[in-house]
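Notes follow the structure.
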Amino acid sequence: MKDNSLNTKIIYHPSDEDIFMAAEVIRNGGLVAFPTETVYGLGASALSSKAAEKIFAAKGRPSDNPLIIHLADPGDATRYAITSPAYDKLSRFMPGPLTVILPKRDIIPSSVTGGLDTVAVRVPSHPIACALIRSAGVPIAAPSANRSGKPSCTTVEHVIQEMDGRVDVILDGGESDVGLESTILLPFGDHSVKLLRPGAITVEMLEAEGFTVILDKAVTERLADGEIPLAPGMKYRHYAPEAQVILLDGDHEAVLSYMQNRGDDCGVALIIYEEDAEKLCGKRLKVIGKRGDSLTYAHRLFAVLRELDADSDVKVIYAPLPAKDNLGLALYNRLMKAAGYSVKTV
Ligand code: TXA
Ligand code: MG
């Protein structure tokens with residue numbers, strides 16, 4: 001959806017000079033969409049209230065939903081937040097797909113944190129994100145580069161669809177590696193964390209480092225009206241395509257047979273595993289990788305939801321409900337939200 005208010009510069013395969021130019025745009029209070037290893041971000045200087053306000057306007061995002069600040073080095077967090085032994089220990093997962101909530105310092109404007117006295121800190125590993133932050137010399141506040149309520153963007157084409165005319169620069173960095181947003185943790189004590197949003201740093205990985213992990217209720221369950229999650233963004237019906245998503249819960253054979261029976265119904269599309277493709281031929285299919293391959297499911301999920309959304313004939317999307325272990329928990333969380341918690345037991 002092109003909005004002509006800004007003349008957006010789209011840069012494919014950015015050079016060092018291009019990144020330097022984009023960093024200057026950030027320093028001058030402008031907006032730059034950039035790649036990270038999780039999803040694309042919509043960045044602005046985290047030290048400027050005005051710049052942060054532009055992010056909320058470009059996304060159509062409620063201003064009580066706080067932004068993550070992106071740093072070049074885990075050690076930089078002490079300038080913007082009050083770190084702790086738990087943070088130091090968690091920083092072994094950085095750079096990488098992890099966000100940690102810490103008490104904020106005054107240098108971070110409250111418009112960035114949606115009025116909270118905490119700030120979310122992340123050190124991305126994508127080389128273009130790292131170079132951009134280093135070159136900007138300021139922390140970069142960045143939500144995912146989608147319009148509020150839509151699936152996050154995992155390709156530059158999706159960013160262009162959503163943000164052309166709304167940002168100063170869009171930097172291409174290829175397909176996002178992980179495909180789902182970072183894991184968000186709230187540390188308490190030296191060895192415990194509350195998991196606010198699951199991602200590629202999994203419960204199992206955190207437990208292997210000696211952390212006790214407590215799942216926030218909003219990770220797996222629908223909150224009651226008026227209940228407030230610890231990560232404000234988790235209350236919104238996120239990741240949602242226009243079509244109704246229905247998750248199928250059952251053993252492999254039962255899911256397959258349900259799909260065989262319903263796959264020809266008017267307006268139905270199926271998200272399926274590679275090995276089932278020939279048993280479902282003739283139906284409207286999106287293959288999501290092999291069964292048990294959560295990495296590919298995660299990498300493809302948002303792109304598949306967008307592709308199905310672009311087809312106005314699709315009214316219902318059936319998808320298998322993933323198991324809740326390892327990266328499966330993040331898939332489960334995003335799919336449940338996309339489906340508005342609609343699960344059919346088969
Ligand atoms: O992978 C990611 O995290 C991507 C890339 C661009 O880094 N960013 C991202 O940002 O997903 P966003 O804004 O779409 O999601 C951030 C989530 C929201 O649910 C927000 O409410 C929560 O983090 N959050 C931010 N600051 C917080 C804070 N101080 N306390 C609790 N939750 C916070
Ligand atoms: Mg988002």
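Order of appearance sets the numbers: ligands from 1, and atoms from 1 within every ligand.
- Less than 4.0 angstrom separates some heavy atom of Asn65 from each of these atoms of ligand 1: 18 (C), 20 (C), 21 (O).
- Taking every heavy atom of Ile68 and a limit of under 4.0 angstrom, the matching atoms of ligand 1 come to 3 (O), 8 (N), 9 (C), 10 (O), 16 (C).
- Counting atoms of ligand 1 from 1 in the listed order, those under 4.0 Å from a heavy atom of Glu181 are 1 (O), 2 (C), 11 (O).
- Residue Ser182 has at least one N or O atom closer than 3.5 Å to an N or O atom of ligand 1.
- Residues His158 and Asn146 bring no donor and acceptor atom of their side chains to less than 3.5 Å of each other.
- A side-chain donor-acceptor contact under 3.5 Å links Ser152 and Glu181.
- With Phe211 as the aromatic partner, Lys89 meets the cation-pi criteria of under 6.0 angstrom to the ring centre and within 45 degrees of the ring axis.
- Contact annotation: Arg197 has at least one heavy atom less than 4.0 Å from an atom of ligand 1.
- For residue Ser144, an N/O/S atom approaches the Mg ion (ligand 2) to within less than 2.8 Å.
- Heavy-atom proximity to Arg61, at under 4.0 Å, picks out these atoms of ligand 1: 12 (P), 13 (O), 14 (O).
- Here is the list of ligand 1 atoms found below 4.0 Å of a heavy atom in His70: 5 (C), 6 (C), 7 (O).
- Scored by the ring-ring contact (aromatic ring centres under 6.0 Å, His included) test, Tyr258 finds Tyr318 as partners (sequence neighbours excluded).
- Close contacts between ligand 1 and Leu116 involve ligand atoms 28 (C), 29 (N), 30 (N) [criterion: under 4.0 Å to a heavy atom].
- Neither side chain, Thr296 nor His299, offers a donor N or O lying under 3.5 Å from an acceptor on the other.
- Checking Thr36 against Arg122 by side-chain atom types alone, a donor-acceptor pair falls below 3.5 Å.
- Proximity of Ile184 to ligand 1 is established by a heavy-atom distance of less than 4.0 Å.
- Only the backbone of Leu230 comes within contact range of ligand 1, with a heavy atom under 4.0 Å; no side-chain atom does.
- Listed by atom number, the atoms of ligand 1 under 4.0 Å from Ser144 heavy atoms are 8 (N), 9 (C), 10 (O), 12 (P), 14 (O).
- Summarising the geometry of Ser176 relative to Tyr40, their closest heavy-atom pair is OG-CD1, 3.7 Å, with the distance given to 0.1 Å.
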* Asked: Run the side-chain contact (heavy atoms from CB on, under 4.5 Å) check on Ile214 and Leu195 step by step: do they pass?
  -> CA-CA 6 Å; Ile214 295 178; Leu195 179 70; over 6 Å; no
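- Heavy-atom proximity to Gly41, at under 4.0 Å, picks out these atoms of ligand 1: 6 (C).
- Among the candidates Val25, Asp168, Ile140, Ile170, the single residue satisfying the side chain to side chain contact (heavy atoms under 4.5 Å, CB included) test with Val32 is Val25.
- For atom 5 (C) of ligand 1, the choice among Thr38, Thr99, Asn146, Ile108 with the nearest heavy atom turns out to be Thr38.
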